[in-house]
Amino acid sequence: MEEINNMSDGDLIKGLKKETNSGEYLNELISRHSGIYMTMVNNYSPSEKSTHKSHKNELIDDKNYYIYQAALKYDDSKKAKFSTYLGNETRWMCLNIYNKEK
């Protein structure tokens with residue numbers, strides 16, 4: 001088996017979807033993509049109101065879960081990089097939360 005650090009995002013996601021013990025794949029994805037997730041949450045989650053701040057804190061606290069969910073929904077046949085897909089999913093999630101609170 002190829003060393004996990006050298007695997008592509010697509011291979012990590014395939015391993016995550018089909019392996020029963022897929023924690024290593026998920027941990028590698030999280031370590032690679034936490035930055036883009038946090039950037040999107042910070043850019044698209046307003047923190048001036050207390051309710052929005054609590055949503056922002058929840059999004060930050062549940063970062064690993066949301067990256068995992070994005071990996072499960074990711075479809076590499078669409079020819080988008082996982083980082084792009086994760087960024088878009090995170091942005092839409094933040095905007096939907098914000099719009100529901102308006």
Side-chain angles (χ1 to χ4, degrees):
M1 183 172 115
E2 187 178 353
E3 188 173 329
I4 205 158
N5 294 347
N6 297 328
M7 294 176 78
S8 70
D9 289 343
D11 290 337
L12 288 171
I13 292 168
K14 287 175 189 168
L16 179 66
K17 289 179 179 180
K18 69 179 178 180
E19 298 283 331
T20 55
N21 187 12
S22 57
E24 291 180 36
Y25 297 112
L26 179 59
N27 288 337
E28 182 63 23
L29 281 172
I30 290 168
S31 72
R32 287 183 190 181
H33 298 290
S34 288
I36 188 75
Y37 178 85
M38 292 304 296
T39 298
M40 299 309 278
V41 167
N42 286 324
N43 286 339
Y44 289 97
S45 290
S47 58
E48 66 272 359
K49 294 184 181 176
S50 62
T51 57
H52 294 303
K53 188 169 184 135
S54 68
H55 286 301
K56 184 176 184 175
N57 289 338
E58 288 175 25
L59 291 171
I60 292 169
D61 292 343
D62 295 336
K63 169 189 65 154
N64 295 356
Y65 172 76
Y66 290 118
I67 293 174
Y68 173 70
Q69 289 299 315
L72 293 180
K73 293 191 300 185
Y74 176 70
D75 180 6
D76 64 346
S77 69
K78 306 270 187 203
K79 303 296 182 201
K81 290 189 215 175
F82 177 68
S83 57
T84 302
Y85 179 78
L86 175 64
N88 288 333
E89 284 289 303
T90 306
R91 179 173 49 119
W92 288 116
M93 180 176 52
C94 292
L95 292 173
N96 285 333
I97 290 170
Y98 175 74
N99 287 327
K100 286 179 184 177
E101 292 293 319
K102 282 172 96 175

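Since this is a predicted model, take the numbers as computed values, not measurements. Numbers here simply count residues along the sequence, with the first being 1.
Between Leu16 and Ser22, the shortest heavy-atom contact is CD1-OG, 3.5 Å. Between Ser45 and Leu59, the closest heavy-atom pair is OG-CD1, 3.5 Å. Contact record, Met40 with Gly87: CE-O, 3.4 Å, taken as the closest heavy-atom pair.
For the atom pair Leu26 CG and Glu24 CD, the distance stands at 11.0 Å (nearest 0.5 Å). Between the CG atom of Leu86 and the NE2 atom of His33 there is a distance of 7.0 Å, given to the nearest 0.5 Å. One distance of note links OH of Tyr37 with CG of Asn42; it measures 10.0 Å at 0.5 Å rounding. If you take CD1 on Ile13 and CG on Leu29, they are separated by 5.5 Å, rounding to the nearest 0.5 Å. Summarising the geometry, atom CG belonging to Asn43 is positioned 11.0 Å from atom CE belonging to Met38; distances are rounded to the nearest 0.5 Å. Note: Cys94 SG to His55 NE2 = 11.0 Å, rounded to the nearest 0.5 Å.
Listed by first and then second residue, the side-chain hydrogen bond (donor to acceptor under 3.5 Å, both in side chains) pairs involving residues 60-72 are Ser34-Lys63 (not counting sequence neighbours). Listed by first and then second residue, the salt bridge (Lys or Arg N to Asp or Glu O under 4.0 Å) pairs involving residues 27-36 are Asp9-Arg32, Glu28-Arg32 (not counting sequence neighbours).
Every residue meeting the side chain to side chain donor-acceptor pair (under 3.5 Å) condition with Arg91, not counting sequence neighbours, appears here in chain and number order: Asn88. Every residue two or more places apart in sequence or in another chain that forms a salt bridge (Lys or Arg N to Asp or Glu O under 4.0 Å) with Lys14 is listed here: Asp76. Under the rule for a ring-ring contact (aromatic ring centres under 6.0 Å, His included), the partners of Tyr85 that lie at least two apart in sequence or sit in another chain are Tyr74. In terms of the side chain to side chain donor-acceptor pair (under 3.5 Å) criterion, residue partners of Lys73 (sequence neighbours excluded) are, by chain and number, Glu89.
Side chain of Ser8 to backbone of Asp11: a donor-acceptor contact under 3.5 angstrom is found.
Annotation: Lys17, atom NZ; neighbour count of heavy atoms from other residues, nucleotides and ligands within 6.0 Å is above 12.
Counting heavy atoms from C-beta on, the side chains of Leu12 and Phe82 never come closer than 4.5 Å. For the pair Met7 and Ile4, the minimum side-chain heavy-atom distance is below 4.5 Å.
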